[in-house]
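Just so it is clear: chains get the letters A, B, ... in the order the sequence lines come, proteins before strands, and each one is counted from 1.
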2 protein chains.
Amino acid sequence: MHGVNVSAITSPLVWEHVQPAAARRLLTGAIDAFAERGFQATTTRDIASRAGMSPAALYVHYPSKERLLFEISRYGHQAALDVLRDADSGDSPAERLRSMVEAFTAWHAEHHTIARVVQYELAALTPEHLAEVATIRRAISAQIEQVLSDGVADGSLAVDDLPGTTLAVLSLSIDVARWYTPHRGDPAALGKLYAELAQRMVQT
Amino acid sequence: MHGVNVSAITSPLVWEHVQPAAARRLLTGAIDAFAERGFQATTTRDIASRAGMSPAALYVHYPSKERLLFEISRYGHQAALDVLRDADSGDSPAERLRSMVEAFTAWHAEHHTIARVVQYELAALTPEHLAEVATIRRAISAQIEQVLSDGVADGSLAVDDLPGTTLAVLSLSIDVARWYTPHRGDPAALGKLYAELAQRMVQT
DNA sequence: GGCGAAGCTAAGCAAGCGCTTAGCGAAGCG
DNA sequence: CGCTTCGCTAAGCGCTTGCTTAGCTTCGCC
């Protein structure tokens, strides 16, 4: 936690670990489709055709459409948490918060398709799969709560309602996934703006 | 604009104007269903059974499932805009902003089922219907932008990036619809917290 | 008291859904 | 070579979907 920054504002979100290539094409096709239309409105035929395959080929690599969603959701949640943890660096709680909000916001813009699946398709997961990503979600929330709490402890940040303010800071970044498109500014600039706004929310 | 406050933080969201009563039961049932599962995952049979009717009865009152969504979305958008306009009162831009964010946030919590439909089911509307609610959405955005702009003009608010900050302020309130449930605090308290946070974001 | 309109239901239709089955060709390997 | 495994397709199964049709009852109204 809050060690040396590994420098990247957004972690490179690659899928090379998904093998074979056809499984990866199905996965990235599913991300696009789920982000565009939502899980329920996306058909297995649509996902398969984006990957250039017949509908049945999907089931060679994934046992169900829901499982495809789960793989995306789990990996997306983990990537978001990793970004937050990597950004937890700086000498003061204020600096750490700034760095985390900047990176988390930029990630939601840069990877807004995955972020949309992560944030808005939870209801389509099975209870077991939902429970698994919920664990990661709690870690994400805890990461923000910790830095705010540290700031309260050393008197450098002003936070009246800790859980409420934690949620608000997270909300700011998360909602980026809802409205962001590439023509609405670049992720890095957005990250800087939101980091500034978040810091102002809690400064003494 | 920014006249005398009509006093309510959340406008009473009633559907008495929807006649007959069966049409109203279908509408409120659809709101609950759409908010719970999303438009695509909701069946006409589910909506009808929530209203205590057979599936065919839906088509006596509405020509399609999408039309039902549109009626909800249009009325919900208008109600949200009305809340913002009623709250645009106060002697300074800072006071007006506080009042608007407080009311807008509280509305999204109080009416989180309708708000979820309003904010997250736009993709299911026909292009024509989407265009109609988009007009109301622009008015909502303009309402916030105006007060920030007034604050910049008289030097009472510090806003670097006007469109970006407008979006951020709106985001804060809108995202409430995503996570709010009644057990997470009462809408009025949430409104006050968020009003405070928003004001801090732009104070000189 | 006859009659049309309003509000509803039972039944069902065509289309599309997630997913399965059967089988084919290419690659890997003894 | 002979045989298995892997990745894939064509076809289609059982089911659910949004919506329609035909017909029933209840009501107001002249």
Whole angstrom value for the distance that separates [atom2] of [N] from [atom1] of [X]:
| X | N | atom1 | atom2 | answer |
| --- | --- | --- | --- | --- |
| A/Leu68 | C/dG18 | CG | P | 12 Å |
| B/Leu26 | C/dA6 | CG | P | 18 Å |
| A/Tyr59 | D/dC6 | OH | C1' | 20 Å |
| A/Gln40 | C/dG18 | CD | C1' | 12 Å |
| B/Arg67 | D/dG18 | CZ | P | 18 Å |
| A/Ile47 | C/dG18 | CD1 | C1' | 11 Å |
| A/Arg25 | D/dG7 | CZ | P | 12 Å |
| A/Tyr62 | D/dG7 | OH | P | 12 Å |

Taking only the side-chain nitrogens and oxygens of A/Thr44, find out if one of them lies under 4.0 Å from OP1 or OP2 of C/dG18. yes
Ignoring backbone atoms, test whether B/His61 places a side-chain nitrogen or oxygen under 4.0 Å from the OP1 or OP2 oxygen of C/dC8. yes
Would you say the base of C/dG16 and the side-chain of A/Arg45 have a donor-acceptor pair closer than 3.5 Å? no
Evaluate the side-chain proximity of B/Lys192 to B/Glu196: yes if any heavy-atom separation is below 4.5 Å, no if none is. no
Checking side chain to side chain contact (heavy atoms under 4.5 Å, CB included) against B/Tyr180, which of B/Thr113, B/Leu190, B/Thr105, B/Asp175 comes through? B/Leu190
The single option from A/Ile47, A/Val60, A/Leu26, A/Leu58 that satisfies side chain to side chain contact (heavy atoms under 4.5 Å, CB included) with A/Met53 is A/Leu26
Could you label the plane-to-plane angle of the A/Tyr194 and A/Trp179 rings as parallel, tilted or perpendicular, counting under 30° as parallel and over 60° as perpendicular? tilted
Relative to the ring of B/Phe104, is the ring of B/His108 parallel (under 30°), tilted (30 to 60°) or perpendicular (over 60°)? perpendicular
So, are A/Asp46 and A/Arg37 salt-bridged, with charged N and O less than 4.0 Å apart? yes
Pairs: protein N or O with nucleotides 9-11 of chain C N or O, under 3.5 Å:
{"from": "C/dT9", "atom 1": "OP1", "to": "B/Ser54", "atom 2": "N", "distance (Å)": "3.4"}
{"from": "C/dT9", "atom 1": "OP2", "to": "B/Ser54", "atom 2": "N", "distance (Å)": "2.8"}
{"from": "C/dT9", "atom 1": "OP2", "to": "B/Ser54", "atom 2": "OG", "distance (Å)": "2.8"}

Between A/Thr165 (side chain only) and A/Leu162 (backbone N and O only), is there a donor and an acceptor less than 3.5 Å apart? no
